[in-house]
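Heads up: the structure comes next, in structure tokens.
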Amino acid sequence: MDLSLIDINWQVITPQIILAVFGFVLLLLEAFLPKDKKGILPHLAWIGIALSFFFSVNLFGSGFSGFNGMALADNFALFFSFIFLISSFLVVLLSISFLKREEQVRGDYYALLLFATLGMMLMASSFDLIVIFLGLEIVSVSLYILSGFRKKDPKSNEASMKFFLMGSFATSFLIFGIALIYGNFGTTNLEKILFLAPFSGVFAGASEFLLYAGIGFLIVGFGFKIASVPFHMWMPDVFEGAPTPIAGFISAGPKAAGFAALLRIFLLAFSSIKPDWTLIFWILAVLSMTTGNLLALWQTNLKRLLAYSSIAHGGYILIAFVSGSNSAISGVLFYLSAYILMNLGAFAVIISMGSKEKEGTDLYKEYAGAGLKNPFLGVFMAIFMLSLAGFPPTAGFFAKFYIFSSAIKSGYLGLVIIAVINSLISVYYYLRVIVYMFMRPSAEEVKPVSIPFSLGLVILLTGIGILALGILPQELLNLAYNSIF
Amino acid sequence: MPSLYHYLSLSALLFCIGIFGALTRRNAIGILMAIELLFNAVNINFVAFARFIDPQAIVGQVFTIFVITIAAAEAAVGLAIIILIYRQHKGVDVDKVNIMKW
């Protein structure tokens, strides 16, 4: 191949390049900066994220493509970039006081956070299975390290090991699927697959088998990454063991990135053979919702509860894959934007309530009466829980509403009924948190906690965001609708 | 002259051995080795397809190089994590690393 024919167009990945540069600078500063000056590292991290966000906004609407069609800066990719950048911005803010509390102010933590964000943006902006795989691995490897960041904590080590073993096991399924699809079409470019999918493959004879086996392996691989039942086992353990800001990060960004890649692969490249894979997503959606919600009922640890709730929310999002209409896709975009806000908000409250000694327990009963002693935390935790449960006028309500209504329009009434029943079950365990915070007398003397500025900012921003999206959802929905591929 | 089917059978066999190893091994290093087998099964697939299917024969080979690189990166991170586990538990038996359940 003549290399001069390759159309590179660096402009397409400027936001990613900025993150990479800032990540490497952070790594270097970590090595050479004296210990008492390391306080500036988190500020460098959020400045990098903000710069990257600025360039993403500039690219919005351009629709550039580069690297011979491997990378794309269409609105879909950029909308997801906004989601990733906002979530990692919030996670950087969460981490500042958390790491100070842990006496672990280190640059590599923020560098890995930036690299993970970069990988997620690559996943969303890629138009080729190679780049999707590459992005996914950048995210995964960074997260394996981050979830074991509390090196002396056995729980954190265990979380890291389980995450690594299951994650790389799942990755091998994913690339096996990609190999079979490559064997069927002779290409890994999604645009070419889109054209070739209606016809039988290049490899005559066993083509049907290759394609469907490949799709099956892909679903297994991505099922692990988005933690849909029955591939969810890693998530509760990782949430419980990982440092709390990282648990919040895993629930927001990488999950959204997995959905971005899934949307591109299934609702774009394989859209012509949709009847063949709809049933699989139907089953995954029902299993994820039901199992996630039922297991969440028994949890006593708040972080594990949020893990199962995250699995259940993944199930709601999978409904959109079954209906597959344009309004369903924009519903996914809206859902994920609302979801990162409410989930990171809830994690911010958990971090504010915790302390260095208690890190990793986060039991319900420790929250008894805390809402009255800390009205700020209590009120906002109530907002986050109501939004996760899907009450109006919060963003969670409209997120569910758009996905469910698009499924009804596509004729999947049974699925929506199951989903609504599941939402009702989930109300029980979300409201239990609020009941504990406000209506149970505290067992021991609960002192009002002092909230660091950065944590208070996150709680305030996410809370206001949820209410704003709940009262005026139209703006974001229009943006989401203009961002589908 | 081996045909594509021979390579695919070899790859499928290797993949099955890898899955079996990853599911039955109790030693973390053993699981890591089984996962490397899985990656290599995929590599055989890619190279075989690149040779027999893809006229340009470039995508499969490029993908293989990516897979090899990433497998190396994963192994590095994985061994570091396993060393952490070894320090905590004085062993790498995954059954004994089980504080968190349900």
Side-chain angles (χ1 to χ4, degrees), chain A residues 1 128-131 133-134 136-138 140-142 144-145 147-148 151-169 171-180 182-189 201-203 206 210 236-241 295 298-299 301 304, chain B residues 4-5 8 11-12 15 18-19 22-23 28 31-32 34-50 52-56 58-60 62-64 66-67 69-71 73-78 80-89 92 94 97-102:
Chain A
M1 191 185 268
D128 195 293
L129 292 171
I130 295 183
V131 186
F133 164 64
L134 203 59
L136 189 99
E137 277 308 285
I138 297 174
S140 302
V141 172
S142 314
Y144 300 152
I145 307 170
S147 55
K151 270 188 281 188
K152 300 219 166 81
D153 177 12
K155 268 190 177 178
S156 183
N157 294 346
E158 185 184 332
S160 178
M161 189 194 74
K162 284 182 172 168
F163 196 12
F164 167 72
L165 291 178
M166 294 195 198
S168 43
F169 189 57
T171 304
S172 67
F173 276 80
L174 184 85
I175 46 175
F176 200 78
I178 294 177
L180 296 184
Y182 169 63
N184 189 53
F185 295 117
T187 177
T188 51
N189 190 301
V202 187
F203 177 30
L210 270 188
D237 289 348
V238 171
F239 267 48
E240 189 181 341
L295 287 178
W298 312 113
Q299 300 308 319
N301 180 316
R304 280 185 95 79
Chain B
L4 176 58
Y5 291 99
L8 292 189
S11 153
F15 199 76
I19 291 177
L23 294 179
I31 299 176
L32 191 61
I35 289 170
E36 293 296 316
L37 265 189
L38 291 172
F39 282 127
N40 286 329
V42 175
N43 285 343
I44 292 177
N45 247 345
F46 269 120
V47 176
F49 280 133
F52 287 97
I53 299 288
D54 194 355
Q56 281 183 316
I58 190 99
V59 176
V62 168
F63 211 123
T64 307
F66 273 117
V67 172
T69 319
I70 279 168
E74 281 211 337
V77 170
I81 292 170
I82 292 171
I83 288 174
L84 270 185
I85 292 289
Y86 181 79
R87 283 189 186 147
Q88 285 283 347
H89 297 264
V92 287
V94 286
V97 188
N98 211 357
I99 317 168
M100 297 180 284
K101 279 180 193 140
W102 290 102

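As the structure is a computational prediction, the values presented were derived from the model and not from experiment. All chains are named by letter (A, B, ...) in the order of the sequence lines, taking the proteins before the strands, and each is independently numbered beginning at 1.
The OH atom of A:Y182 sits 12.5 Å away from atom CD1 of A:I178, with the distance rounded to the nearest 0.5 Å.
When every heavy atom of A:G241 is checked against every heavy atom of A:A159, the shortest pair comes out as CA-CB, 3.8 Å. Nearest heavy-atom pair across A:A179 and B:V42 is CB-CG1, 4.2 Å. Closest non-hydrogen pair, B:L38 versus A:S172, comes out as CD1-OG, 3.2 Å.
Counting heavy-atom pairs under 4.5 Å between each of B:G78, B:A48, B:A22 and chain A puts B:G78 at the top. Contact count against chain A (heavy-atom pairs under 4.5 Å) is highest for B:A50 among B:A73, B:A50, B:A80, B:G18. In terms of heavy-atom pairs under 4.5 angstrom with chain B, the leader among A:F173, A:F164, A:W298 is A:F164. Annotation: maximal heavy-atom pairing with chain B below 4.5 Å, among A:L134, A:I145, A:N189, occurs at A:L134.
For a residue to count as touching a neighbouring chain, one of its non-hydrogen atoms must lie under 4.5 Å from one of that chain's; by this rule A:L180 touches chain B with backbone and side chain alike. Both the backbone and the side chain of A:F176 come within less than 4.5 Å of a heavy atom of chain B. When heavy atoms are compared at a cutoff of 4.5 Å, B:I70 approaches chain A solely by way of its side chain, counted from C-beta outward. Proximity to chain A (any heavy atom under 4.5 Å) is shown, for B:A34, by neither the backbone nor the side chain. Contacts of B:E74 with chain A are made by both backbone and side-chain atoms, with heavy-atom separations under 4.5 Å. Neither the backbone nor the side chain of B:F52 comes within contact range of chain A; no heavy atom of the residue lies under 4.5 Å from a heavy atom of that chain.
Tested against A:N157 for a side-chain contact (heavy atoms from CB on, under 4.5 Å), the candidates B:I83, B:I82, B:I85, B:I81 yield a single pass: B:I85.
Panel note: side chain A:Q299, backbone A:L295; a donor-acceptor pair is recorded below 3.5 Å. Although no hydrogens or angles enter the test, the distance criterion places no donor-acceptor pair under 3.5 Å between the side chain of A:S160 and the main chain of A:S147.
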